[in-house]
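Below you'll find the structure, written out as structure tokens, and then a few comments.
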Amino acid sequence: MTQIPVGISTCLLGKEVRHDGGHKHSRYCTKVLSKHFDFRSICPELEAGLGVPRPAIHLREYADGLRLIETKGSADHTDAMQDFIDSVMPTLADLRGYILMAKSPSCGMERIKVHNEGGQVTRRDGRGIFAEALIRTYPLMPVEEEGRLNDDMIRENFIERVFAYDDWMQNVAGDNLSAKALIQFHTRHKFQLLAHCEKIYRQLGPMLADLKSEPLAPIAERYIELFMEAMAKKVSRGSHMNAMQHLMGYLREALGEEDRKVLIEQMEAYRRGEVPLVVPMTLLRMAQRREAVDYLSAQQYLTPYPDELGLRNNV
């Protein structure tokens with residue numbers, strides 16, 4: 001399987017690039033995700049010319065905006081960082097996701113301390129300068145902080161989005177855009193959409209009903225914006241139940257009475273939190289393989305990412 005290009009903060013790969021000469025090695029990234037993701041590493045502070053080791057920096061808020069200032073003193077590295085951001089950002093268009101280092105004034109995605117001109121903390125809702133530019137430039141790209149990937153639901157959601165976004169970029173975006181490609185993408189991801197956000201699921205079907213009403217490109221743009229918005233929503237047990245019940249409706253011929261009874265029992269056990277999602281989903285996949293239904297064989301909801309990641313064992 002071809003690996004998916006994903007950006008990552010260099011320190012998470014174990015490289016000693018932090019301001020104190022250390023690293024923040026993520027074994028999950030290097031031992032697990034690296035089997036599926038082709039990591040492209042960037043340390044904005046190092047590559048902006050700040051060196052290793054280097055003085056610690058933080059965000060200070062001035063009348064004209066946020067600036068990167070050394071914590072001890074007044075040396076300002078904002079312009080160097082902005083020059084680096086301007087040069088590197090266009091090269092990241094082929095990435096399908098990004099994993100950032102938390103708490104960093106350059107890479108932190110949220111909850112970053114912002115200081116006043118005197119260096120006192122005034123708020124804790126900032127975002128690192130590089131992270132802000134990345135999310136603004138590529139609003140559809142799944143972006144997450146490494147520390148948050150320790151949460152089972154956040155980890156599963158992020159990786160599912162990366163694989164879905166990769167599907168879009170490979171098969172629909174750019175020169176591949178066609179009415180057929182767009183409809184096939186929607187068909188593949190219908191049950192995922194239903195699970196993540198039924199409201200958006202109900203909007204996207206009619207949007208594709210008349211693809212000749214206007215040029216295809218703006219329709220596709222609206223579609224993928226809503227699609228990625230839906231995919232970013234966490235899926236409740238009730239929503240998974242709803243999607244699985246819809247899916248089960250296509251498997252009447254493949255399910256005998258006893259099989260159906262066991263499947264419903266395990267779906268209910270999942271809804272009550274007694275078993276993980278992998279249990280009823282495995283039964284559904286077995287039924288689909290026993291008597292394949294063409295419509296379901298293409299559904300990414302059944303296998304949204306490689307089984308070996310084991311993500312549905314914990315949600």
Side-chain angles (χ1 to χ4, degrees), residues 2-15 17-18 23-48 59 66 68 81-112 126-170 173-174 196 224-225 227-234 304-306 309 311:
T2 304
Q3 290 184 312
I4 298 174
V6 172
I8 191 169
S9 294
T10 305
C11 59
L12 297 174
L13 298 182
K15 305 291 179 63
V17 296
R18 287 175 60 77
H23 61 77
K24 287 288 183 178
H25 185 201
S26 166
R27 295 192 179 278
Y28 183 70
C29 290
T30 60
K31 302 298 184 185
V32 179
L33 294 184
S34 63
K35 296 176 184 176
H36 306 279
F37 294 169
D38 178 17
F39 282 126
R40 186 179 309 169
S41 62
I42 294 175
C43 175
E45 293 173 26
L46 173 64
E47 295 178 51
L59 292 175
L66 293 176
L68 275 179
M81 177 62 71
Q82 193 58 55
D83 287 345
F84 169 70
I85 288 171
D86 291 345
S87 67
V88 78
M89 209 50 62
T91 72
L92 307 181
D94 65 325
L95 297 182
R96 313 305 205 230
Y98 212 107
I99 301 174
L100 293 163
M101 178 62 211
K103 301 180 181 178
S104 161
S106 56
C107 290
M109 193 175 84
E110 57 181 37
R111 304 183 307 280
I112 303 303
R127 177 179 282 165
I129 287 183
F130 176 82
E132 174 65 32
L134 177 71
I135 292 167
R136 184 177 64 250
T137 306
Y138 301 107
L140 300 178
M141 184 189 295
V143 177
E144 194 50 84
E145 287 183 341
E146 185 275 337
R148 283 166 47 90
L149 296 181
N150 293 319
D151 179 291
D152 292 331
M153 288 193 71
I154 292 174
R155 179 169 64 242
E156 195 266 348
N157 177 271
F158 171 71
I159 293 172
E160 183 182 19
R161 283 187 289 141
V162 169
F163 276 87
Y165 185 57
D166 180 58
D167 184 359
W168 176 268
M169 295 295 285
Q170 282 205 67
H196 279 270
I224 192 58
E225 287 173 359
F227 177 88
M228 295 307 295
E229 178 186 336
M231 292 295 290
K233 298 180 184 297
K234 291 182 181 178
Y305 34 69
L309 287 168
L311 297 170

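Just so you know, residue 1 is the first one in the sequence shown, and it goes up from there. Every value quoted in this text rests on a predicted model; they were computed, and no experiment measured them. Quick note: numbers below take in every heavy atom, side chains included, and nothing from hydrogens, waters or symmetry partners.
In this view, E144 and M109, R148, L149, I154, F158, R161 satisfy the side chain to side chain contact (heavy atoms under 4.5 Å, CB included) rule, not counting sequence neighbours. Taking M89 as the reference, I85, L92, F130, A133, L134, T137, Y138 meet the side chain to side chain contact (heavy atoms under 4.5 Å, CB included) condition, with sequence neighbours excluded. In this structure Q82 satisfies the side chain to side chain donor-acceptor pair (under 3.5 Å) test together with D86, sequence neighbours excluded.
With a 4.5 Å cut-off on side-chain heavy atoms, E146 and K24 do not count as touching. Residues Y305 and V162 are not in side-chain contact: their nearest non-hydrogen atoms beyond the backbone lie 4.5 Å or more apart. Inter-residue side-chain proximity for L33 and F39 is flagged as met; some heavy-atom pair is nearer than 4.5 Å. The shortest distance between side-chain heavy atoms of E132 and I112 does not fall below 4.5 Å. No side-chain heavy atom of P306 sits less than 4.5 Å from a side-chain heavy atom of K35.
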Apply the test side chain to side chain contact (heavy atoms under 4.5 Å, CB included) to residues H36 and V6: give CA-CA distance (whole Å), side-chain angles for both, the deciding distance (0.1 Å), then the verdict. CA-CA 10 Å; H36 306 279; V6 172; over 6 Å; no
Derivation of the side chain to side chain contact (heavy atoms under 4.5 Å, CB included) call for Y165 and I4: CA-CA 10 Å; Y165 185 57; I4 298 174; over 6 Å; no
Could you go through L68 and L59, starting from their C-alpha distance and side-chain angles, then the distance that decides it, and tell me whether this counts as side chain to side chain contact (heavy atoms under 4.5 Å, CB included)? CA-CA 5 Å; L68 275 179; L59 292 175; 3.7 Å; yes
Is there a side chain to side chain contact (heavy atoms under 4.5 Å, CB included) between N150 and Y28 once you walk through the steps? CA-CA 9 Å; N150 293 319; Y28 183 70; over 6 Å; no
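Residues K15 and H23 share a closest heavy-atom pair of O-CB, 3.2 Å. Contact between P304 and F163 at its shortest, heavy atoms only, is O-CB, 3.4 Å. Scanning both residues, V88 and T91, for their nearest heavy atoms gives O-OG1, 2.6 Å. Contact between H25 and L13 at its shortest, heavy atoms only, is CD2-C, 3.9 Å. Residue E47 comes nearest to S41 through the heavy atom pair OE2-O, 4.1 Å, listed as atom of the first residue, atom of the second, then distance. The minimum heavy-atom distance between E45 and S106, with the atom names listed, is OE2-OG, 2.9 Å.
To the nearest 0.5 angstrom, Q170 atom CD is 11.0 Å from D94 atom CG. Going from atom NE2 of H196 over to atom CE of M231 covers 4.0 Å, rounded to the nearest 0.5 Å. Rounding to the nearest 0.5 Å gives a distance of 5.0 Å between CZ of F37 and CD1 of I159. Between atom CG of residue L12 and atom SG of residue C43 there is a gap of 10.0 Å, rounded to the nearest 0.5 Å. Here the CG atom belonging to N157 is positioned 8.0 Å from the NZ atom belonging to K234, to the nearest 0.5 angstrom. Interatomic distance, OG of S34 versus CD of Q3, reported as 7.5 Å (0.5 Å rounding).
A donor-acceptor pair is defined here as one N or O able to donate and one able to accept, closer than 3.5 Å; no such pair exists between the side chain of S9 and the backbone of C11. For the pair D152 (side chain) and L311 (backbone), a donor-acceptor distance under 3.5 Å is absent. Panel note: side chain T10, backbone I42; a donor-acceptor pair is recorded below 3.5 Å. A distance-only check finds a donor-acceptor pair linking the side chain of E145 to the backbone of E110 [under 3.5 Å].
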